[in-house]
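Atoms considered below: every heavy atom in the structure, side chains included; atoms not considered: hydrogens, waters and symmetry mates. Treat the numbers as computed from the prediction; the structure is a model and nothing was measured. In the text below, chain A, chain B and the rest are named by the order of the sequence lines, each starting its count at 1.
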2 protein chains.
Amino acid sequence: MAELDPEMFDPMCPSGALPFQIGDKWTGMVVLCLEHGRRRFTEIRVPLRGVTPKVLTQTLRAMERDGLVVRTAYPENPPRVEYELTALGRSLLTLIEAARAWSRDHLPALLAARQRHERALDTVPVSDPQASR
Amino acid sequence: MAELDPEMFDPMCPSGALPFQIGDKWTGMVVLCLEHGRRRFTEIRVPLRGVTPKVLTQTLRAMERDGLVVRTAYPENPPRVEYELTALGRSLLTLIEAARAWSRDHLPALLAARQRHERALDTVPVSDPQASR
DNA sequence: CGGCATCCTAATGGATACTG
DNA sequence: CAGTATCCATTAGGATGCCG
């Protein structure tokens, strides 16, 4: 199984503009990280640049509680923990694919609408003295 | 066009447990409210029991900005405003349908996993002196 | 390595009251 | 009717530091 690509999730990708979300902020990305097999805690952290261990732990614990992943801790030193998608967790992949399909087809239109809206505001700056804030 | 059913969104429905969300808390419900035609502000408020005008306005403004709805204000007194889905907004319906299909097929398993987890915690109360907090 | 404890900030959402 | 204005509670998420 290949290593996870650190560039797997482009921070410049306007996914923050998506009008939908899988679980909390990181759940969808975790599912994709585990798509091709079990991964260690630190391994998952790589593509999720900047996520703190606390937040990743929260995410994984919630996913474990909901039966989306299974957590396996090996009694070694240093410790080793692996996470793996359950069948239920894998079922989210179809939903993620649906979201990706929507994005391919419609996200450009949404972003264009948003820009039109911003430009419309710029054309009446005199009405809003705080516009340059 | 029939009136919106005030019971359209059952508050007892465990949709809060869904591992995905359309837009912010209310966006998905607004889309469904507008599915069969244009609606007035107050009309939309009915099935969204408890939503304050401020929050609904925020939601609708964001949807308008993203090109999901169009807002039409009639210069009457008392004022009348109608909201209608755009083609882009209607495209979200397919996504909502995908989410519903997932829920039908997998949400019971998620809820069961969650309950198992809670019961597992109850079986080791002695290990947590704060358990009854 | 894989966490947990503590503290902190920003943003979301809500309550209430008022207005053109 | 369809909002706006103000204030407030909650929460998600993050920064930092320590530990087995």
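One interatomic measurement links the two molecules: CD of E82(A) to P of dG3(C), which rounds to 12 Å at whole-angstrom precision. Here the P atom of nucleotide dC1(C) and the CD atom of E43(A) are 12 Å apart, to the nearest Å. The CD-C1' distance, from Q21(B) to dG13(C), rounds to 12 Å in whole Å. Distance CD (Q58(A)) to C1' (dG3(C)): 12 Å, rounded to an integer number of Å. Regarding N77(A), its CG atom lies at a distance of 11 Å from the P atom of dC1(C), rounded to whole Å. Remark: C1' of dT12(C) and CG of L56(B) are 15 Å apart, rounded to the nearest angstrom. When the P atom of dG2(C) is taken as reference, atom CD of E64(A) falls 15 Å away, rounded to whole Å. The interatomic distance linking K25(A) (NZ) with dT9(C) (P) rounds to 18 Å, in whole Å.
Annotation for E3(A): atom CD does not count as buried by contact number, only 12 or fewer foreign heavy atoms lying within 6.0 Å.
The phosphate of dG2(C) has neither OP1 nor OP2 within less than 4.0 Å of any side-chain N or O from R80(A). For the OP1/OP2 pair of dG2(C) and a distance below 4.0 Å, the side-chain nitrogens and oxygens of R40(A) include at least one atom meeting the criterion.
Under 4.0 Å is where a charged nitrogen must lie from a carboxylate oxygen, and between E82(A) and R38(A) at least one such pair does. Looking at E7(A) and R49(A), a side-chain N of the basic residue comes within less than 4.0 Å of a carboxylate O on the acidic one, giving a salt bridge.
Proximity of a side-chain donor or acceptor of E97(A) to a complementary backbone N or O of R100(A) within less than 3.5 Å is not detected. Here the side chain of R45(B) pairs a donor or acceptor atom with the backbone of V51(B) at under 3.5 angstrom. Side-chain atoms of Q115(B) do not come within 3.5 Å of backbone N or O of E118(B) as any donor-acceptor pair. No donor-acceptor distance shorter than 3.5 angstrom exists from the side chain of D66(B) to the backbone of L68(B), with no hydrogens or angles considered.
Looking at the side chain of P78(B), the nearest of the listed nucleotides dC1(D), dA15(C), dG13(C) is dC1(D). Among the nucleotides dA2(D), dC1(D), dA15(D), the one closest to any side-chain atom of T42(B) is dA2(D).
Mapping P79(A) and W26(A) onto DNA chain D by nearest heavy atom places W26(A) closer to the 5' end of the strand.
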Which atom pairs link the protein and nucleotides 3-9 of chain D when you take only N or O atoms and keep those under 3.5 Å?
| residue | atom | partner | partner atom | Å |
| --- | --- | --- | --- | --- |
| dG3(D) | OP1 | R71(B) | NE | 3.4 |
| dG3(D) | OP1 | R71(B) | NH2 | 2.6 |
| dG3(D) | OP2 | Y83(B) | OH | 2.8 |
| dT4(D) | OP1 | R61(B) | NH2 | 3.4 |

